[in-house]
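Lettering follows sequence order; numbering is per chain, from 1. Since the structure is predicted, the reported quantities are computational estimates derived from the model, not experimental observations.
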Number of protein chains: 2
Amino acid sequence: MTAGEQAGDNPIPRQALTRQVSFLLAQLGAHATQRFTDRIAPLGLTPPDIGVLRMIAMSPGRSQRALAEELGVVPSRVVALLDNLDRKGLVERRRSATDRRNHELHPTPAAYQLMGELWPVLQTHEADLTAALSPAERDQLASLLARIADQQGLDVGVHPGYQRANSPTTDQTKG
Amino acid sequence: MTAGEQAGDNPIPRQALTRQVSFLLAQLGAHATQRFTDRIAPLGLTPPDIGVLRMIAMSPGRSQRALAEELGVVPSRVVALLDNLDRKGLVERRRSATDRRNHELHPTPAAYQLMGELWPVLQTHEADLTAALSPAERDQLASLLARIADQQGLDVGVHPGYQRANSPTTDQTKG
DNA sequence: TATTGTTATACTCTATAACTATA
DNA sequence: TATAGTTATAGAGTATAACAATA
């Protein structure tokens, strides 16, 4: 080591970082997403697949424009997202009869079946991830997290991973 | 809507998702990372910059190979990560005298100064993110999260975002 | 021959801008 | 002319494989 360096005394101490809720959330969030990704891979699905499918299932018939709005992404992104689902036979784009510019989005029967299969996978995922906690603690944690999500203005059930909007002015790299 | 669809009764109900710790973690984790990214952008830094810099500062002189090991990424990825820091004048690669194949990694004085400036930013970030909670609740939350992180085998202070190892057998898309 | 770091290459994600069909 | 969706294009991130220097 050379003069000017301060090894054991660096400005971002490990201990402090460990206790920061913000870091723990980022760390555990990435971990949870990674585990989830692994779990649904056997079903041929990705996290974005599921998020988009769920939105469409919640109110079938909406347009791609409306979906883009809700997800917070540009329309061209929705095209790619839907192409993925389309290729898997999970979504159907129906030309609107009243305005032929619009596509009405509908899950296919296969999609509904797949979502049914997904449910137990989600439950296993949840159980494994919270294995360290008692049921009471798990509820407590869910409550605390929900309060933060609410205060932070996050849409219920909408993962912010979609609108990683690389605004032209900011230099962001990692979601 | 057409026969076979089940709009209000879809298989992934919003209410259930909302209470799942796993989803809340993924959602809040992505949100926390996004906010963090925005906050450090004015300093010209990205989240990976900070993570790597912190590791190097923790034990200066380590090799790129060792760093790759700790981050859980391939050596070629470390090259890119370090190139970013290098371009910003924050890291120095010194040819090892004992084994000229090695690069000993050292933060520059500018890096130490920047890490000093970073500290208050982290504190603001933490405070804003936990604004919904009392100090006691914040501690409680940190404790619950730390227990999960520990049980899940996460390295203390290491963000899993580095090793988004797209293993050839799995089909993962989003981190 | 084995190891460290680098370069070459390829693939995915995602945005912007140009384009087509429709209104 | 304005709008919905698509395609063309570009840039970042990240992996694998081939390579050069050193041991």
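- Rounding to whole angstrom units, CZ of residue B/R62 and C1' of C/dG5 are separated by 16 Å.
- For residues 31-75 of chain A, every residue pair satisfying the ring-ring contact (aromatic ring centres under 6.0 Å, His included) rule, not counting sequence neighbours, is listed here: A/F36-A/H125.
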Write out a two-atom table: protein N or O, nucleotide N or O from nucleotides 6-9 of chain D, distance below 3.5 Å.
residue : atom : partner : partner atom : Å
D/dT6   : OP1  : A/R93   : NH1          : 3.2
D/dT6   : OP2  : A/Q64   : OE1          : 3.2
D/dT6   : OP2  : A/Q64   : NE2          : 2.8
D/dT6   : OP2  : A/R93   : NH1          : 3.0

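- Listed by first then second residue, pairs satisfying salt bridge (charged side-chain N to carboxylate O under 4.0 Å, His left out) with a partner in residues 100-112 of chain A read A/D99-A/R101, not counting sequence neighbours.
- Under 4.0 Å is where a charged nitrogen must lie from a carboxylate oxygen, and between B/R35 and B/D128 no such pair does.
- Under 3.5 Å, the side chains of A/E92 and A/T108 contain no donor-acceptor pair of N or O atoms.
- Between the CZ atom of A/R94 and the C1' atom of D/dG5 there is a distance of 18 Å, given to the nearest Å.
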B/D150 and B/R147: CA distance, side-chain angles, deciding distance, salt bridge (charged side-chain N to carboxylate O under 4.0 Å, His left out) verdict: CA-CA 5 Å; B/D150 185 56; B/R147 280 172 57 200; over 6 Å; no

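- In this structure, CG of B/N102 is placed 18 Å from P of C/dA2, rounded to the nearest angstrom.
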When you compare the protein's N or O atoms with those of nucleotides 19-23 of chain D, which come within less than 3.5 Å of each other, and at what distance?
residue : atom : partner : partner atom : Å
D/dA23  : OP1  : B/R100  : N            : 2.8

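- Taking atom CG on A/N84 and atom P on C/dC13, their separation rounds to 7 Å, with Å as the unit.
- Residues passing the side-chain contact (heavy atoms from CB on, under 4.5 Å) test with B/D155, sequence neighbours excluded: B/V158.
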Working for side chain to side chain contact (heavy atoms under 4.5 Å, CB included), residues A/H159 and A/T33: CA-CA 11 Å; A/H159 195 291; A/T33 300; 4.3 Å; yes

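- By the 4.5 Å side-chain criterion applied to Ile, Leu, Val, Met, Phe, Trp and Tyr, B/V74 is assigned to no cluster and stands alone.
- We find that CG of B/L71 is positioned 15 Å from C1' of D/dA15, with the value rounded to whole Å.
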